[in-house]
Amino acid sequence: MAAWYDQAIIYQVYPKSFKDSNGDGIGDLTGITEKLDYFTQLGVNTLWLNPIFRSPQVDNGYDVSDFYAIDPQLGTLADFKALIEAAHRRGLRIVLDMVLNHTSDQHPWFQGALQGPKNPYYNYYIWAHGADGQLPNNWGSFFGGSVWTQHPTVADRYYFHLFERRMPDLNWRNPQVRQEMTKVANYWADLGIDGLRLDAFIHLAKADLHQNYPSDGADLVVAEGMFANLPAVQPYLAEFVAGVKANHPDLFILGEAASATVNLAADYTRPAANMADAVISFRYFPTKPRAKRDAVPADYQPQRLDWLAFRQVMTDWQQTLLPPRRLTLYWGNHDMARVATRMGSHRYPQQSAKSLATLMYLQRGLPVLYYGDELGLSNGTLASLAAFGDPTVTAFANAAKAAGWSSERILENVNATHKLTARAPLPWSDDIGHGFSKVAPWLAVSQDGTPVSKQMADPDSVWHHYQQLFALKQTPLFTRGNWQLQNWAPWLYAYTRTLGVETALVVVNISDTRHTVTVPRAWAQAPVQQLTVGTVHQTAAELTLSPWSSAVLTIKKGSK
């Protein structure tokens, strides 16, 4: 039976950067409500909001101090209820970002845990003794340093945090924790939300805490094998989903499975097993290894997509996650540099932005669009390394300086690769504050790009291409049609979608050069061009495509 989200086109809203309604420089819920018609005009039907819960904002809302309250920076519960009501009137669905793996250290549960092992909340978190003053193990945090921090109020014990030290991990072995998180999810589902995006759910299970990880001599190592995709994750997920869907069977569960392989993604989306309805993996984008010329880490050096490997990755996912499983289709999110910066062409920015969208979103799967990509926005620019407030940037800069890099080169590399410069406020107009706010925004990013108002008025803009693309995506052929890669040329990304007697061919020139390709006889029968970018010239047996051009061609069996 088809679900409403089988035709979802998902727009990721970063609330702090979308629209400021009250003049404090921070985007908010009322700002989103004011712009709901924008989404319907664009052609999206589902909004995924990054975390809106009360938070000290150590990690932009992913450090939750109260799961039942809206963060005051973003508004009130009344504002949120008004947003849901107004969205539903327009046929828009709301998906909330829910943090399952950890809380803020300011959360009442952790504050209770700090009173020691006799407190009922102590076992809501993960604790371990160190041996002879040493850390319990050598596992490294995703945010740098150890996963262990010793709190002065709890003698001789360390608490576990995969992320920032002020974000302690929850102990999912404790059934009370699992019950509490299901209760939170049901609270918001009762208020009328349509889905949950489960942040970092693949980390809910941890291995033996006193087991070191092979480190090649390093003091600390990010030991993903000890805390990612372990077997217990699936029963935890199943219990949570069952507990929510018992009362809300139509709730869409979108899981963030960052390091999941295609086979793990298939496990996490098993039909009729109370798994996720779809997952997002960061494994889509294989890069070509950078020639190692110095000792500078690769973290903040731009990497090139390996298009040959990318074709194989897409084929594996399309062929493994067959219906009723669902694929997600995305180029970026709040944890990545923008697609225009990572993948786009500097010589053909508009055409590459349009053609990359065509390439990705007309494949079989659910589009997940990062706010601003519909404008072809690239990463913005912060004025200094200190503005990033990120210890990993400092470590990179120190290594780069030691290798002889200039300060300008270091800053340019970090701006082009860091996730923070992909979170700039959305430019609505050329007015003061770019129509986002009348005061200085929370993130002082300089950024180039044509604003929403001009793009909506220009029929040749990136925005209008997305609008046409999403209208095409909602047709049965591109919602349900089979997918097949066409390996015709290394400079070409091509595939077909087939449903009944109708077949579409999507062809994209992924290079800065004009090319010609010989096409099979079936495509020499004067197909209909549905959506074209750049110049695409067709003869009886050949297609010639200008740089970063693309076309969507359709034929029907028996047509002449």
Side-chain angles (χ1 to χ4, degrees), residues 261-262 281-292 298 301-320 327 329-332 336-337 339-365 376 465 469 481-498 503-524 527 529-555:
T261 63
V262 64
S281 168
F282 290 11
R283 294 287 187 98
Y284 278 12
F285 309 116
T287 55
K288 290 186 176 179
R290 186 180 59 86
K292 195 72 174 173
Q301 297 193 58
Q303 305 286 313
R304 289 186 303 153
L305 182 68
D306 185 334
W307 281 101
L308 182 62
F310 176 73
R311 288 187 187 91
Q312 186 58 56
V313 168
M314 286 288 100
T315 300
D316 290 345
W317 283 79
Q318 289 282 341
Q319 292 180 348
T320 303
L327 286 154
L329 306 170
Y330 78 103
W331 277 121
M336 298 178 174
V339 57
T341 301
R342 290 173 21 245
M343 311 289 188
S345 166
H346 297 298
R347 292 176 61 189
Y348 302 95
Q350 267 214 329
Q351 285 193 195
S352 60
K354 294 177 182 179
S355 288
L356 284 167
T358 297
L359 183 161
M360 180 62 75
Y361 298 127
L362 290 183
Q363 298 183 106
R364 184 174 59 81
H465 180 75
L469 181 67
N482 294 329
W483 178 97
Q484 180 65 53
L485 186 72
Q486 307 296 316
N487 270 316
W488 293 348
W491 51 268
L492 187 72
Y493 192 97
Y495 57 90
T496 54
R497 300 293 309 276
T498 303
T503 297
L505 170 67
V506 179
V507 290
V508 181
N509 181 354
I510 53 176
S511 77
D512 285 358
T513 307
R514 180 175 177 269
H515 286 292
T516 299
V517 65
T518 301
V519 299
R521 183 176 300 176
W523 294 100
Q529 291 197 9
Q530 299 279 6
L531 187 63
T532 303
V533 174
T535 302
V536 179
H537 179 67
Q538 183 178 2
T539 65
E542 292 182 332
L543 277 175
T544 300
L545 295 95
S546 63
W548 281 102
S549 62
S550 58
V552 181
L553 314 174
T554 58
I555 58 173

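What you are looking at is a predicted structure, and each value in this text was computed from that prediction instead of being measured.
With ring centers used as reference points, W331 lies 6.0 Å or more from F282.
Y495 is not listed as a side-chain neighbour of M314, based on a closest heavy-atom distance of 4.5 Å or more. Proximity of S355 to Y493: side-chain heavy atoms (C-beta onward) are nowhere separated by under 4.5 Å. Two residues are said to be in side-chain contact when any heavy atoms from C-beta on lie closer than 4.5 Å; H465 and L531 meet this criterion. With contacts defined as side-chain heavy-atom distances shorter than 4.5 Å, the pair T358/V552 qualifies. Using a 4.5 Å cut-off on side-chain heavy atoms (C-beta onward), V508 and L492 make no contact. Side-chain contact between F285 and L305 is present, with at least one heavy-atom pair separated by less than 4.5 Å.
With no hydrogens or angles considered, no side-chain donor-acceptor pair links T496 and Q484 at under 3.5 Å. For the residue pair T516 / T544, a side-chain donor-acceptor distance below 3.5 Å is found, with atom types taken as modelled. Residues S345 and D512 have side chains that bring a donor and an acceptor to within less than 3.5 angstrom of each other. Counted by atom type alone, T503 and T498 present one or more donor-acceptor pairs between their side chains at under 3.5 Å.
Residue L362 comes nearest to R497 through the heavy atom pair O-NH1, 2.7 Å, listed as atom of the first residue, atom of the second, then distance. Listed here is the closest heavy atom pair of Y330 and S281: OH-O, 2.6 Å. Here the shortest heavy-atom pairing between V536 and T532 reads CG2-CG2, 3.8 Å. Of all the heavy atoms in P490 and R311, the pair that sits closest is O-NH2, 2.7 Å.
With rounding to the nearest 0.5 Å, the separation of CZ in R342 from CG in L356 is 9.5 Å. In this structure, Q312 CD and L485 CG are separated by 8.5 Å, a value rounded to the nearest 0.5 Å. Here the OG-CG distance, from S550 to L469, works out to 9.0 Å after rounding to the nearest 0.5 Å.
Under the 30°/60° scheme for interplanar angles, the aromatic rings of W491 and H515 are found to lie parallel.
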